[in-house]
Amino acid sequence: QAQLVESGGGLVQPGGSLRLSCVASKSILSRYTMGWYRQAPGKQRELVAFITSGSVTVYADSVKGRSTLSRDFAKNTMSLQMNSLKSEDTAVYYCNARDPIERDVDIWGQGTQVTVSS
């Protein structure tokens with residue numbers, strides 16, 4: 001079974017909002033660095049945002065100011081709230097978890113499609 005399960009993708013109009021969720025174990029959620037990457041067709045995968053076990057959050061410039069990354073331990077979920085969506089946000093979004101100590105441990109979700117279009 002997958003260790004990271006993503007949901008929340010879909011079709012959204014420009015200017016709209018979307019909330020992506022990634023379900024993980026409590027251990028991963030609390031101890032690992034977790035984040036979201038995205039990949040558009042013909043482009044390389046890029047970092048969107050990540051949060052460390054110490055709750056340090058970093059956002060890519062392209063989403064800074066209109067995105068919020070958070071963790072909900074009651075639901076074992078990391079979520080990315082994205083507002084003011086643009087066509088440039090269209091991509092497959094992947095949840096990622098990485099052990100900051102055992103750095104070879106790098107877990108990926110299956111991806112969820114986000115399409116921003118009229």
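Nothing fancy with the numbering, it's 1 onward along the sequence.
Looking at heavy atoms from C-beta onward, Asp106 lies in side-chain contact with Asn96 at the 4.5 angstrom threshold. Side chains of Ser118 and Pro14 form a contact here, defined as non-hydrogen atoms less than 4.5 Å apart.
Among all heavy-atom pairs drawn from Leu20 and Gly9, the shortest one is CD2-N, 3.7 Å. Heavy-atom minimum distance, Ala40 versus Ala91: N-CB, 3.8 Å. What you find for Asn83 and Ser17 is that their closest heavy atoms are OD1-OG, 2.9 Å. Pairing each heavy atom of Ser53 with each of Ser30, the nearest pair is CB-O, 3.3 Å. Among all heavy-atom pairs drawn from Lys64 and Tyr59, the shortest one is CE-O, 3.6 Å. Residues Ile51 and Leu69 come closest through the heavy atom pair N-CD2, 3.5 Å.
Hydrophobic clustering places Ile28 together with Phe73 (ILVMFWY residues linked when any side-chain heavy atoms are closer than 4.5 Å, directly or through intermediates). The hydrophobic clustering, which links ILVMFWY residues whose side-chain heavy atoms are closer than 4.5 Å, places Leu29 and Tyr32 together. Cluster annotation: Trp36 is connected to Ile107 through the hydrophobic network of ILVMFWY side chains, with a link wherever side-chain heavy atoms come within less than 4.5 Å. Note on Leu4: it does not cluster hydrophobically with Val92, by side-chain heavy-atom contacts below 4.5 Å among ILVMFWY residues.
Separating the OG1 atom in Thr33 from the CZ atom in Arg98 is a distance of 8.5 Å, to the nearest 0.5 Å. Taken from CG in Leu85 to OG in Ser117, the straight-line distance is 12.0 Å, to the nearest 0.5 Å. Between the CZ atom of Arg19 and the OG atom of Ser70 there is a distance of 4.5 Å, given to the nearest 0.5 Å.
Side chain of Glu6 to backbone of Gly111: a donor-acceptor contact under 3.5 angstrom is found. For the pair Thr90 (side chain) and Val116 (backbone), a donor-acceptor distance under 3.5 Å is present.
A salt bridge is defined here as a Lys NZ or Arg NE, NH1 or NH2 lying under 4.0 Å from an Asp or Glu carboxylate O, and Lys86 with Asp89 fails to meet this definition.
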Problem set entry | Worked check of side chain to side chain contact (heavy atoms under 4.5 Å, CB included) between Ser7 and Thr112 | CA-CA 6 Å; Ser7 63; Thr112 183; 6.0 Å; no
Exercise. Yes or no on side chain to side chain contact (heavy atoms under 4.5 Å, CB included) for Met82 and Tyr93, after CA distance, side-chain angles and deciding distance?
Worked result: CA-CA 12 Å; Met82 300 188 69; Tyr93 285 70; 3.8 Å; yes
Exercise. Which is it for Arg38 and Val114 under the side chain to side chain contact (heavy atoms under 4.5 Å, CB included) test, yes or no, and what are the steps along the way?
Worked result: CA-CA 9 Å; Arg38 66 186 182 187; Val114 172; over 6 Å; no
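The one candidate from Trp108, Phe50, Tyr94 that meets the ring-ring contact (aromatic ring centres under 6.0 Å, His included) condition with Tyr37 is Trp108.
Here disulfide bond (SG atoms under 2.5 Å apart) pairs that include residues 34-80, with residues two or more places apart or in two chains, number zero. Within the structure, the disulfide bond (SG atoms under 2.5 Å apart) test picks out the following pairs touching residues 2-78 (sequence neighbours left out): Cys22-Cys95.
The number of heavy-atom neighbours closer than 6.0 Å to CD of Gln113, taken from other residues, nucleotides and ligands shown, is above 12.
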